[in-house]
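The shown structure was predicted, so the numbers you read here are calculated from the model rather than taken from an experiment.
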Amino acid sequence: MTNPWQVSSRLRTAALKAFGAEIADGVVFRPRTRIRFPWKLHIGKDCWIGEGVWFHNQDHVYIDHDVTISQETLITTGSHAHRRDMALITKPVHVEAGAWITSRCIVLGGTRIGRSALIAPGTVVTGEVPENTIWGSPIQASALGIRFNNPVKTKP
């Protein structure tokens, strides 16, 4: 069950600023937004942060003005040196003006999303996304292989 009492964006913004976040005017935070380290969050004017967005920001996240981050998206700046000693590795994320990260995307550390780019639903994003592009995995599902060599037979 979700909380029927929705905390206003102004109150949420004030609390985040009190903990060091840089948030410009006109930013809307929908419910269930999670932010790991507020002092490493920088959001420009007139952005919309959707319900359930998670900033797992062990490094800085820079979001320019007029950006939309849709529901259930994860922005994570940390990973581990899995082939060595599991040491923490962090890299910042940059989202340029006018970009739209649609629902349930995962944006990894070191990513730069270009101006006015659109990230398709469910996309895992890493590296450089050129400006004004629609970026994502093919939306259509396809067969990946056979489940059983001898499928269960149906009864007559």
*Asks:* How close do G122 and C105 get, counting heavy atoms only, and between which atoms?
*Replies:* N-SG, 3.9 Å
*Asks:* So I23 and K17, do their side chains get closer than 4.5 Å, heavy atoms only?
*Replies:* yes
*Asks:* My understanding is that only residues two or more places apart in sequence, or in another chain, count here; which of them pass side-chain hydrogen bond (donor to acceptor under 3.5 Å, both in side chains) with D64?
*Replies:* none
*Asks:* On a heavy-atom basis, which atom in P130 and which in A117 lie closest, and how many Å separate them?
*Replies:* O-CB, 3.7 Å
*Asks:* Mind listing the closest non-hydrogen atom pair of G136 and A120 along with its distance?
*Replies:* CA-CB, 4.1 Å
*Asks:* Would you list the pairs meeting side-chain hydrogen bond (donor to acceptor under 3.5 Å, both in side chains) in which at least one residue belongs to residues 94-112, sequence neighbours left out?
*Replies:* S70-W100, E96-R112
*Asks:* Among residues at least two apart in sequence or on other chains, which ones pass side-chain hydrogen bond (donor to acceptor under 3.5 Å, both in side chains) with T90?
*Replies:* D59
*Asks:* With a 4.5 Å heavy-atom cut-off, do I101 and T68 have their side chains touching?
*Replies:* no
*Asks:* Could you check whether any side-chain N or O of T73 sits under 3.5 Å from a backbone N or O of V53, counting only pairs where one atom can act as donor and the other as acceptor?
*Replies:* no
*Asks:* When clusters are formed from ILVMFWY side-chain contacts under 4.5 Å, directly or step by step, what else is grouped with W48?
*Replies:* V28
*Asks:* Using the test side chain to side chain contact (heavy atoms under 4.5 Å, CB included), find all partners of L74 that sit at least two apart in sequence or belong to another chain.
*Replies:* W54, H56, T76, I106
*Asks:* Per the salt bridge (charged side-chain N to carboxylate O under 4.0 Å, His left out) rule, what does the pair list look like for residues 66-88, sequence neighbours excluded?
*Replies:* R32-E72
*Asks:* Are the side chains of P38 and F55 in touch, meaning some heavy atoms are under 4.5 Å apart?
*Replies:* no
*Asks:* Stepwise, does the side-chain contact (heavy atoms from CB on, under 4.5 Å) test hold for I63 with I69?
*Replies:* CA-CA 10 Å; I63 299 170; I69 302 174; 3.5 Å; yes
*Asks:* What residue pairs, at least two apart or across chains, pass side-chain hydrogen bond (donor to acceptor under 3.5 Å, both in side chains) with a residue in residues 36-45?
*Replies:* E22-H42, H42-H60
*Asks:* Mark yes or no for whether K91, through its side chain, and T77, through its backbone, hold a donor-acceptor pair below 3.5 Å.
*Replies:* no
*Asks:* Are F29 and L11 close enough, and set up right, to give a side-chain contact (heavy atoms from CB on, under 4.5 Å), and what steps lead you there?
*Replies:* CA-CA 10 Å; F29 286 98; L11 184 56; over 6 Å; no
*Asks:* Tell me the side-chain hydrogen bond (donor to acceptor under 3.5 Å, both in side chains) pairs involving residues 121-133, sequence neighbours left out?
*Replies:* none
*Asks:* With respect to V129, which candidate in V107, V95, I113, L118 satisfies the side chain to side chain contact (heavy atoms under 4.5 Å, CB included) definition?
*Replies:* I113
*Asks:* What about W135 and V93, same hydrophobic cluster or not, with Ile/Leu/Val/Met/Phe/Trp/Tyr joined at side-chain heavy-atom distances under 4.5 Å?
*Replies:* yes
